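Quantities reported herein were computed from a predicted structural model and do not represent experimental measurements. Chain letters run A, B, ... following the sequence lines, proteins first and then strands; every chain starts at 1.
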Number of protein chains: 2
Amino acid sequence: MIKINTGDSRPIFRQIVDSIRRQIATGELEPGSKLPSVRGLAMQLTVNTNTVAKAYSELTAQGWVESRPGLGLFVSKPRKLFSDREQERRLNEAIQQFINQVIGLDYDAGQLLERLEREIKALEKGQGRSAGNE
Amino acid sequence: MIKINTGDSRPIFRQIVDSIRRQIATGELEPGSKLPSVRGLAMQLTVNTNTVAKAYSELTAQGWVESRPGLGLFVSKPRKLFSDREQERRLNEAIQQFINQVIGLDYDAGQLLERLEREIKALEKGQGRSAGNE
DNA sequence: CTACTGTACCACCACACACAGCACACCTAG
DNA sequence: CTAGGTGTGCTGTGTGTGGTGGTACAGTAG
């Protein structure tokens, strides 16, 4: 089930992408599963169809789901999504962004790492995608 | 010295804010230090004065620097910047955002935490701000 | 055929970002 | 005193992104 939070600073289509990506990564959505239709999800979220289509377009472009013409979108089998360099670049960017956000907060390194560890390991509960080769 | 990267996805004024905040947090800019003038920094970065002014405005509003009328902006003494709830909210947001960015990458929890630990501890080298009470 | 699927357009509006120029109050150096 | 530097405020203009609304088309299932 996908939820949209209007108080969230992220744009709507990004919330949809993140939500579905997380469901796939945690195994909540298994490979082969069918995603809700563009119009159906748009109706449920009281959002424009183009907004959902934009989210689906990104998921398809990044290889999380595959389109079967006339049928819908289906979760694709786990595989490596980015090159090593691209992965490294994205990880670095994510870390720097995290630091910039917590840099004024009164937490020490230990507290930050403890909180991060808890949240990260919660993801691997349903066994995230860790496929072999490309 | 402040650098602007046009390839960076962050808006210019945000890059300036982040850069200066980090310099203050790491002690590279000590309390009482004078920031470069709005027009001077804008000239150096080949950027509009309003863009620098916007960055300075945010730094002032968040209490990182203080304005002495007619003289300039000066790094203020360390103190608590946000309420406990606000700190907790921002930390949570930062963590969720980090997870959303690394969720498709082929790193396990151990690798992520190791990388995070290295970068976070690098910040505390010059003794970050950890003042007592509000 | 009809009804559903994703996809691709078009137009419109709102907002953030950056740029440009101008004005004002303040302080210091001469 | 004046001249020049300081932050701050305002108006405007242009560009890009996000969101909405509507239409259209090819593919698939019944």
Check the distance between [N]'s [atom2] and [X]'s [atom1] and give it to me in whole angstrom.
X: Leu41(B); N: dG7(D); atom1: CG; atom2: C1'; result: 14 Å
X: Glu58(A); N: dG6(C); atom1: CD; atom2: P; result: 17 Å
X: Phe13(A); N: dG16(D); atom1: CZ; atom2: C1'; result: 13 Å
X: Glu66(B); N: dT8(D); atom1: CD; atom2: C1'; result: 17 Å
X: Ile16(A); N: dT20(D); atom1: CD1; atom2: P; result: 9 Å
X: Met43(B); N: dA20(C); atom1: CE; atom2: C1'; result: 14 Å
X: Asp8(A); N: dG18(D); atom1: CG; atom2: P; result: 14 Å
X: Arg68(A); N: dT28(D); atom1: CZ; atom2: C1'; result: 12 Å

Does [X] make a side-chain N or O approach to OP1 or OP2 of [N] shorter than 4.0 Å?
X: Ser67(A); N: dT5(C); result: no
X: Ser37(B); N: dG5(D); result: no
X: Lys54(A); N: dG19(D); result: no
X: Thr51(B); N: dA18(C); result: no

Please tell me which of the listed nucleotides, [options], lies nearest to the side chain of [X]?
X: Pro11(A); options: dG21(D), dA20(C), dG19(D); value: dG19(D)
X: Tyr56(A); options: dA29(D), dC19(C), dG6(C); value: dG6(C)
X: Pro69(B); options: dT28(C), dT7(C), dC26(C); value: dC26(C)
X: Asn48(B); options: dT7(C), dG19(D), dC19(C); value: dC19(C)

Determine whether [X] and [Y] make a side-chain contact, defined as any pair of heavy atoms from C-beta on separated by less than 4.5 Å.
X: Leu41(B); Y: Gln44(B); result: yes
X: Val52(B); Y: Arg39(B); result: no
X: Leu73(B); Y: Leu59(B); result: no

**Message:** Surrounding CD of Glu30(B) (heavy atoms of other residues, nucleotides or ligands, distance under 6.0 Å), is the total greater than 12?
**Reply:** no

**Message:** Under the criterion side chain to side chain donor-acceptor pair (under 3.5 Å), I'd like the reasoning laid out for Arg21(B) against Asn100(A): C-alpha separation, chi angles, the key distance, then a yes or no.
**Reply:** CA-CA 8 Å; Arg21(B) 269 200 313 201; Asn100(A) 281 329; 5.5 Å; no

**Prompt:** Going by modelled atom types, is there a donor-acceptor pair between the base of dG7(D) and the side chain of Arg39(B) at under 3.5 Å?
**Reply:** yes

**Asked** Does the base of dG21(C) carry an N or O that pairs as donor and acceptor with the side chain of Asn50(B) under 3.5 Å?
**Response** yes

